[in-house]
Amino acid sequence: MAEEGKRLIWFYGRECPHCKKLHPIVEQWEAQNGISLDKLEVWHDDKNAQLMRKYGEVISAACGGDLGVPAFYNEVTKKAICGARVDAERLTKWAKG
Amino acid sequence: MNTKKRFWRCHVCNDIHFGVKPPEYCPTCGMRNAFVLSDRGEGVRLIQELKGKNVWHCAECRDLHLGAKPLSLCPSCGSKVKYGAMDREEAVRSTGDADSALDTSEEMLKVWDEFAERNGRIKVWDDRESVKQLSVGVLENVKSKGLRYCPCRVTTGDPDKDMKLICPCNFLAQQTWKEYGECWCGLFVKR
Ligand code: SF4
Ligand SMILES: [Zn+2]
Ligand SMILES: [Zn+2]
């Protein structure tokens, strides 16, 4: 786990189907790139939801208006990607850009 | 045919109708076939808390409607007498306590299927496993946060804003709907 302020965070929801489908893709991507994301569940953990709200402006812009999951937030670049169509290629750009 | 009065909610603007049948056109947003079966918990909460709307009732059959404008045709009894204004708390009391809660996945799936069927322009995602998962999420949110919030978005903490996250939401306005013909979570898709 990276230190606070330098994390690559994946906000997900336990009952979000797009998140569930992304899990194996993310895991494979992590293994291939030697990167490990901080995976934070937001519906059953208020602290995680709070953190997501803290980054709310950037995340909701990336999600097309709302605080949606799956959402990925890069604490270093302060950039976010969001939604069902996130794939390995976009993850790499987000993590490294 | 079911003759019991139940709570219905407009997925676009959150109007509530308490009656045997919901109006074909929502008097507030004008959308056709936009009402989805709701339940007492949600209906009463919106009647009590939704801002900027009033409760109106049918003098003939006592149907209730929470909206920005009164109905001029009652969907339940066919009366053409314009609905009259009514106090919110009195309205809640007049609904009695008969309505049972929609609190199982099976019921949610049925409600969504019927809503899509009646609507005619949308259908429920054919991935039943994911749909089931969404129903579990929605029901968990009722238990922990009090309303049927979308499992793929996070509440803001502002109760007024969060009312827009009650499922089914106004997905017609979402970018994913315009671009891919699906709601944010994929629950509803264009036919
Ligand atoms: S995005 Fe889909 S699942 Fe989420 S509240 Fe709207 S209709 Fe329901
Ligand atoms: Zn409406
Ligand atoms: Zn009537």
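Per chain, numbering begins at 1; letters A, B, ... match sequence-line order. Small disclaimer: the values here were computed from a predicted structure and weren't measured.
- A salt bridge links R85(A) to E182(B): at least one charged side-chain nitrogen sits closer than 4.0 Å to a carboxylate oxygen.
- Of all the listed residues (A173(B), G137(B), P151(B)), the one sharing the greatest number of non-hydrogen pairs under 4.5 Å with chain A is P151(B).
- Between chain A and the residues T176(B), N141(B), L187(B), the largest count of heavy-atom pairs under 4.5 Å involves N141(B).
- More than 12 heavy-atom neighbours from other residues, nucleotides or ligands sit within 6.0 angstrom of NZ on K21(A).
- Put simply, Y12(A) and L51(A) are part of two different groups of oily side chains (I, L, V, M, F, W, Y) that touch within less than 4.5 Å, one to the next.
- In terms of non-hydrogen atom pairs under 4.5 Å with chain A, the most contact-rich of V138(B), T155(B), V136(B), L165(B) is T155(B).
- Taking the six-membered ring where tryptophan is involved, the planes of W43(A) and Y149(B) are essentially parallel, since the angle between them stays under 30° and well short of 60°.
- Side-chain contact between P17(A) and D127(B) is absent, with no heavy atoms from C-beta onward closer than 4.5 Å.
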Item to complete: Tell me, with the steps shown, if D158(B) and R53(A) meet salt bridge (Lys or Arg N to Asp or Glu O under 4.0 Å).
Response: CA-CA 12 Å; D158(B) 175 338; R53(A) 287 186 199 114; over 6 Å; no
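- The pair K161(B)-D66(A) does not count as a salt bridge, with every side-chain nitrogen at least 4.0 angstrom from each carboxylate oxygen.
- When side chains are defined from C-beta on, R153(B) does not count as touching V69(A), because their heavy atoms never get closer than 4.5 Å.
- In terms of modelled atom types and a separation under 3.5 Å, the side chain of W184(B) and the main chain of A84(A) share no donor-acceptor contact.
- No more than 12 heavy-atom neighbours from other residues, nucleotides or ligands sit within 6.0 angstrom of CD on E57(A).
- Under the 4.5 Å side-chain heavy-atom criterion for Ile, Leu, Val, Met, Phe, Trp and Tyr, F72(A) and I59(A) are members of distinct hydrophobic clusters.
- Around atom NZ of K93(A), no more than 12 heavy atoms belonging to other residues, nucleotides or ligands sit under 6.0 Å away.
- With respect to chain B, the highest number of heavy-atom pairs below 4.5 Å among C63(A), P70(A), A71(A) belongs to C63(A).
- Both L8(A) and V86(A) are part of a single hydrophobic cluster, where members link through side-chain heavy atoms under 4.5 Å apart.
- Only the side chain of D46(A) comes within less than 4.5 Å of a heavy atom of chain B; its backbone N, CA, C and O stay farther away.
- Proximity to chain A (any heavy atom under 4.5 Å) is shown, for E129(B), by neither the backbone nor the side chain.
- Hydrophobic clustering places L67(A) together with I9(A) (ILVMFWY residues linked when any side-chain heavy atoms are closer than 4.5 Å, directly or through intermediates).
- I166(B) and I47(B) fall within the same hydrophobic cluster, defined by Ile, Leu, Val, Met, Phe, Trp and Tyr side-chain heavy atoms under 4.5 Å apart, directly or through other members.
- Chain A forms the most heavy-atom pairs under 4.5 Å with one residue out of Q174(B), K164(B), K145(B), Q133(B), and that residue is Q133(B).
- Expressed to the nearest 0.5 Å, how far NZ of K20(A) lies from OG of S130(B) amounts to 7.0 Å.
- Contacts of C19(A) with chain B are absent, with no heavy-atom separation under 4.5 Å from either backbone or side chain.
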